[in-house]
Amino acid sequence: QVQLVESGGGLVQAGGSLRLACRASGNTFRINAMGWYRQAPGKQRELVALITVGGNINYADSVKGRFTISRDGAKNTVYLQMNSLRAEDTAVYYCNTNTLKATYWGQGTQVTVSS
């Protein structure tokens, strides 16, 4: 089993920045990738950014150039640095990780960007 805990959400003005963190615990040695998803009201949950154990990174087109995902393997923590935030980025952000056998989700952290 893997447990995920997110932190760093909050309220920020458009153009500002936030840094999200997600710490994994449990059988973390079985994790092959960690990522961030978000879900805005009335919309599907969508991939924001993903990083694999091997260091490969993928971003959604809507955040590319503004967001940066990184991982501290020793701390089993993944970060999402969000710059130049827009009102459209307002959503609940969820940490996600995969093992060979299961998918795990954090509880979510609210990010609200004011105009």
Side-chain angles (χ1 to χ4, degrees):
Q1 296 289 324
V2 176
Q3 296 79 44
L4 303 173
V5 179
E6 303 106 328
S7 62
L11 175 64
V12 65
Q13 291 184 336
S17 298
L18 285 174
R19 183 177 174 87
L20 306 183
C22 172
R23 187 172 71 87
S25 60
N27 281 339
T28 57
F29 63 91
R30 298 187 182 275
I31 292 173
N32 56 61
M34 295 184 71
W36 290 95
Y37 290 70
R38 67 185 181 186
Q39 188 165 20
K43 296 184 177 181
Q44 291 185 328
R45 188 172 299 184
E46 64 177 351
L47 175 68
V48 177
L50 179 73
I51 184 167
T52 69
V53 173
N56 294 322
I57 295 173
N58 183 59
Y59 296 101
D61 288 341
S62 59
V63 307
K64 197 168 187 177
R66 300 188 296 122
F67 292 9
T68 302
I69 190 170
S70 61
R71 183 172 181 269
D72 184 335
K75 296 183 177 180
N76 296 309
T77 300
V78 65
Y79 304 92
L80 186 68
Q81 178 67 46
M82 305 185 293
N83 298 327
S84 302
L85 283 162
R86 307 165 181 167
E88 307 91 86
D89 296 317
T90 295
V92 177
Y93 284 69
Y94 296 92
C95 184
N96 167 267
T97 190
N98 297 315
T99 69
L100 292 176
K101 294 291 186 180
T103 299
Y104 301 92
W105 295 92
Q107 82 285 354
T109 185
Q110 177 71 48
V111 171
T112 302
V113 184
S114 62
S115 60

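F67 and V78 fall within the same hydrophobic cluster, where Ile, Leu, Val, Met, Phe, Trp and Tyr residues are linked whenever their side-chain heavy atoms come under 4.5 Å apart, directly or through other members. Using a 4.5 Å cut-off between side-chain heavy atoms of Ile, Leu, Val, Met, Phe, Trp and Tyr, with links allowed through other members, I57 and M82 fall into the same hydrophobic cluster. Cluster membership for V92 and Y79, using ILVMFWY side-chain heavy atoms within less than 4.5 angstrom, is not shared.
Considering only heavy atoms from C-beta on, Q81 stays 4.5 Å or farther from S70 through its side chain. Contact check for N56 versus I51: no side-chain heavy atoms found under the 4.5 Å cut-off. Between Y94 and Q107, every side-chain heavy-atom pair lies at or beyond the 4.5 Å cut-off. A 4.5 Å side-chain heavy-atom check between Q39 and Q44 finds every atom pair outside the cut-off. Residues S62 and R86 fail the side-chain proximity criterion, which asks for heavy atoms closer than 4.5 Å. The shortest distance between side-chain heavy atoms of V48 and L80 falls below 4.5 Å. Proximity of N58 to L47: side-chain heavy atoms (C-beta onward) are separated by under 4.5 Å at one or more points.
Going from atom CG of L18 over to atom CG of D89 covers 10.0 Å, rounded to the nearest 0.5 Å. Distance OG/S114 to CD/Q13: 5.0 Å, rounded to 0.5 Å. Rounded to the nearest 0.5 Å, atoms CD1 (I31) and CG (N98) are 9.5 Å apart.
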* Taking it one step at a time, do Q110 and Y93 satisfy side chain to side chain contact (heavy atoms under 4.5 Å, CB included)? -> CA-CA 6 Å; Q110 177 71 48; Y93 284 69; over 6 Å; no
* Asked: Can you list the steps and then say if T52 with N32 is a side chain to side chain contact (heavy atoms under 4.5 Å, CB included)?
  -> CA-CA 6 Å; T52 69; N32 56 61; over 6 Å; no
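Here the shortest heavy-atom pairing between A24 and L4 reads CB-CD2, 3.6 Å. The two residues M34 and L50 have their closest heavy-atom pair at O-CD1, 3.4 Å. The two residues Y104 and V2 have their closest heavy-atom pair at CD2-O, 3.2 Å. The minimum heavy-atom distance linking Y59 with I69 is given by the pair OH-N, 2.9 Å. Contact between T90 and V113 at its shortest, heavy atoms only, is OG1-N, 2.9 Å.
For T77 and D72, the side-chain atoms include no donor-acceptor pair closer than 3.5 Å.
Remark: R23 CZ is loosely packed, at most 12 non-hydrogen atoms of other residues, nucleotides or ligands lying under 6.0 Å away.
Side-chain rings of W105 and Y37 approach one another, their centers coming within less than 6.0 Å.
Of the possible polar contacts, none joining the N27 side chain to the R30 backbone as a donor-acceptor pair under 3.5 Å is found. Formation of a donor-acceptor pair under 3.5 Å by the E6 side chain with backbone atoms of C95 is found in this model. In this structure, T97 contributes its side chain and A33 its backbone to a donor-acceptor pair below 3.5 Å. Panel note: side chain R66, backbone S84; a donor-acceptor pair is recorded below 3.5 Å. Between the side chain of T28 and the backbone N or O of S25 there is no donor-acceptor pair closer than 3.5 Å.
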